[in-house]
**Student:** 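To start, I am sharing the structure in question, which I have written as structure tokens.
Being a predicted model, the structure only gives us computed values, none of them experimental.
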Amino acid sequence: MATSQPFIDSNLRRCHDLLNMANLFLAQNKLASAGSAIGALRANSALLSSKDATFFRERLIALDQEHMRRGGSPLKNHKIVDLSAYRRERLAQRPMASSAMGLKALYGNNRNGRPATAEDERGNFIYRMPMAVSEVSKSDSLGMESLWQIWQHAQQSRGRPHSLPLLSDVDPKMIADIGMLGFVHIIDVSPENPENFNVQVYGSRVTFYNGQNLSGLKIGTFPIPIYRESVATDYNTVRMTGVPAYHRVIATVDGSRRHYTRLLLPFSTDGNRPDRLLVGVRTDNWLPE
């Protein structure tokens with residue numbers, strides 16, 4: 001999994017933001033806000049090129065169906081959502097890592113971390129290094145520290161030690177404000193079998209499988225076995241423990257090599273058990289082949 005390059009076209013960037021905002025509101029069952037974002041997306045997608053508009057027309061069909069399923073009524077006219085207050089300046093692209101940089105140099109001397117590796121006959125390779133969540137504050141991954149702070153604040157607001165925050169406690173506009181809109185997923189981890197974990201929201205600025213949006217898919221349907229097995233293992237660990245997890249990853253998938261950080265944050269919809277994960281993904285460096 002790897003993050004895409006920043007979008008240049010402002011209309012396209014706005015449509016991706018509205019798509020992610022609508023999906024996040026639907027995941028929280030905030031139907032009025034979701035309806036506003038869907039209406040805004042429909043209006044803004046009309047300004048795009050035919051190629052880009054096709055992608056959003058397909059997503060709008062899925063959004064309309066989900067909105068109607070949850071609310072039981074068709075969409076009407078909606079107020080345009082103004083995201084200008086939640087746009088942050090795009091930072092300069094970070095330099096690539098040196099080709100001589102090894103795994104130890106990348107990950108440091110974390111004695112508590114035990115890396116997990118997987119490789120298949122097709123050349124796909126995944127290296128995952130678990131890191132202490134406290135290391136998030138030392139990461140150069142844009143927005144991850146703020147995402148961790150949002151989770152901590154939501155947990156503290158519950159008023160009980162070690163309680164899980166509700167997914168509805170997080171305002172999607174806060175995610176936009178810290179520059180993470182489009183870089184977060186929402187995973188339904190309520191099924192007992194990890195292969196049945198469902199991708200409720202897939203951040204549209206995270207590219208994988210040739211840019212396919214994985215919203216609505218189950219983990220067990222991911223096409224690359226070593227990838228789906230590693231994801232299912234990490235997601236299930238957080239579901240079982242209710243404890244956040246942080247990883248740095250090197251992955252070569254379908255010939256593309258990426259280095260990224262991933263933050264797994266457990267949430268609840270009923271206040272009792274972890275049944276949702278918010279997953280933040282950020283590329284640290286682009287490694288040479």
**Student:** Check for me whether Arg282 meets the cation-pi criterion with Phe183, that is, NZ or CZ under 6.0 Å from the six-membered ring centre and within 45 degrees of the ring axis.
**Tutor:**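 Positive - Arg282 is close enough to the ring of Phe183 and near enough to its axis.
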
**Student:** Tell me every residue that passes salt bridge (Lys or Arg N to Asp or Glu O under 4.0 Å) with Asp169, counting only those two or more places apart in sequence or in another chain.
**Tutor:**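 Residues passing salt bridge (Lys or Arg N to Asp or Glu O under 4.0 Å) with Asp169: Arg158.
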
**Student:** Taking the side chain from Thr261 and the backbone from Arg248, do they hold a donor-acceptor pair closer than 3.5 Å?
**Tutor:**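 Looks like no, no N/O pair under 3.5 Å.
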
**Student:** Can you tell me if Trp148 uses its side chain to pair, donor with acceptor, with the backbone of Leu263 under 3.5 Å?
**Tutor:**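 No, the answer is negative, given that no donor and acceptor are paired below the 3.5 Å cut-off.
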
**Student:** Examine the side chains of Ser49 and Asp52 and answer whether a donor and an acceptor come within less than 3.5 Å of each other.
**Tutor:**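 Looking only at side-chain atoms, Asp52 and Ser49 do form a donor-acceptor pair, the distance falling under 3.5 Å.
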
**Student:** My understanding is that only residues two or more places apart in sequence, or in another chain, count here; which of them pass salt bridge (Lys or Arg N to Asp or Glu O under 4.0 Å) with Glu66?
**Tutor:**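 Counting only residues at least two positions away or on another chain, Glu66 forms a salt bridge (Lys or Arg N to Asp or Glu O under 4.0 Å) with Arg69, Arg70.
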
**Student:** Kindly compute the distance separating CZ (Phe267) from CD1 (Ile186), expressed to the nearest 0.5 Å.
**Tutor:**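 Rounded to the nearest 0.5 Å, the CZ-CD1 separation comes out at 7.0 Å.
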
**Student:** Is the Phe56-His16 ring centre distance short of 6.0 angstrom?
**Tutor:**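 Yes: the rings meet the under 6.0 Å criterion.
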
**Student:** Yes or no on side-chain hydrogen bond (donor to acceptor under 3.5 Å, both in side chains) for Asn236 and Arg239, after CA distance, side-chain angles and deciding distance?
**Tutor:** CA-CA 5 Å; Asn236 193 45; Arg239 177 184 75 95; 2.9 Å; yes

**Student:** Answer yes if Ile150 and Leu166 sit in the same cluster of Ile, Leu, Val, Met, Phe, Trp and Tyr residues linked by side chain heavy atoms under 4.5 Å apart, and no otherwise.
**Tutor:**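 Different clusters.
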
**Student:** Using modelled atom types and a 3.5 Å cut-off, is there a donor and acceptor pairing between side-chain atoms of His67 and backbone atoms of Leu31?
**Tutor:**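 Between the backbone of Leu31 and the side chain of His67 there is a qualifying donor-acceptor contact (under 3.5 Å).
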
**Student:** Look at Arg42 together with Asp64 and state whether they make a salt bridge at an N to O cut-off of under 4.0 Å.
**Tutor:**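 The answer is yes: the pair qualifies as a salt bridge.
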
**Student:** State, without any angle test, whether His247 and Arg128 hold a side-chain donor-acceptor pair at a distance under 3.5 Å.
**Tutor:**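 Note: His247 and Arg128 side chains miss the donor-acceptor criterion.
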
**Student:** Check whether Gln28 reaches the backbone of Val170 with its side chain - one donor and one acceptor, N or O, closer than 3.5 Å.
**Tutor:**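 Yes, Gln28 side chain to Val170 backbone: donor-acceptor pair under 3.5 Å.
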
**Student:** Using atom types as modelled and distance alone, determine if a side-chain donor or acceptor of His185 lies under 3.5 Å from a backbone N or O of Gly203.
**Tutor:**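 Yes, because the side chain of His185 sits within donor-acceptor range (under 3.5 Å) of the backbone of Gly203.
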
**Student:** The criterion is salt bridge (Lys or Arg N to Asp or Glu O under 4.0 Å); which residues satisfy it with Arg57, sequence neighbours excluded?
**Tutor:**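 Per chain and number, Arg57 pairs via salt bridge (Lys or Arg N to Asp or Glu O under 4.0 Å) with no residue.
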
**Student:** Hey, does the side chain of Asp177 reach the backbone of Lys173 with a donor-acceptor pair shorter than 3.5 angstrom?
**Tutor:**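 Not a single qualifying donor-acceptor pair exists.
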
**Student:** Checking the side chain of Thr221 only, and the main-chain atoms of Leu217 only, is there a donor and an acceptor separated by less than 3.5 Å?
**Tutor:**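 Answer holds: no.
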
**Student:** Donor-acceptor pair, Asn20 side chain versus Ser204 backbone, under 3.5 Å?
**Tutor:**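 A pair under 3.5 Å: yes.
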
**Student:** Taking Asn124 for its side chain and Glu119 for its backbone only, find out whether a donor-acceptor pair lies under 3.5 Å.
**Tutor:**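 The answer is no, because no donor-acceptor pair under 3.5 Å joins these two groups.
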
**Student:** What do the steps show when you test Leu181 against Met21 for side chain to side chain contact (heavy atoms under 4.5 Å, CB included), and what is the final call?
**Tutor:** CA-CA 7 Å; Leu181 192 62; Met21 190 74 78; 4.1 Å; yes

**Student:** Please step through side chain to side chain contact (heavy atoms under 4.5 Å, CB included) for the pair Ile175 and Leu278, ending with a clear verdict.
**Tutor:** CA-CA 11 Å; Ile175 296 177; Leu278 189 151; 4.2 Å; yes

**Student:** Would you call the rings of Phe222 and Tyr227 parallel, tilted or perpendicular, where under 30° means parallel and over 60° means perpendicular?
**Tutor:**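 Rings of Phe222 and Tyr227: parallel, as their planes differ by under 30°.
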
**Student:** Can a donor-acceptor pair be found, under 3.5 Å and without considering hydrogens, that links the side chain of Lys30 to the backbone of Ser168?
**Tutor:**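 Checking the backbone N and O of Ser168 against the side chain of Lys30, a donor-acceptor pair under 3.5 Å is found.
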
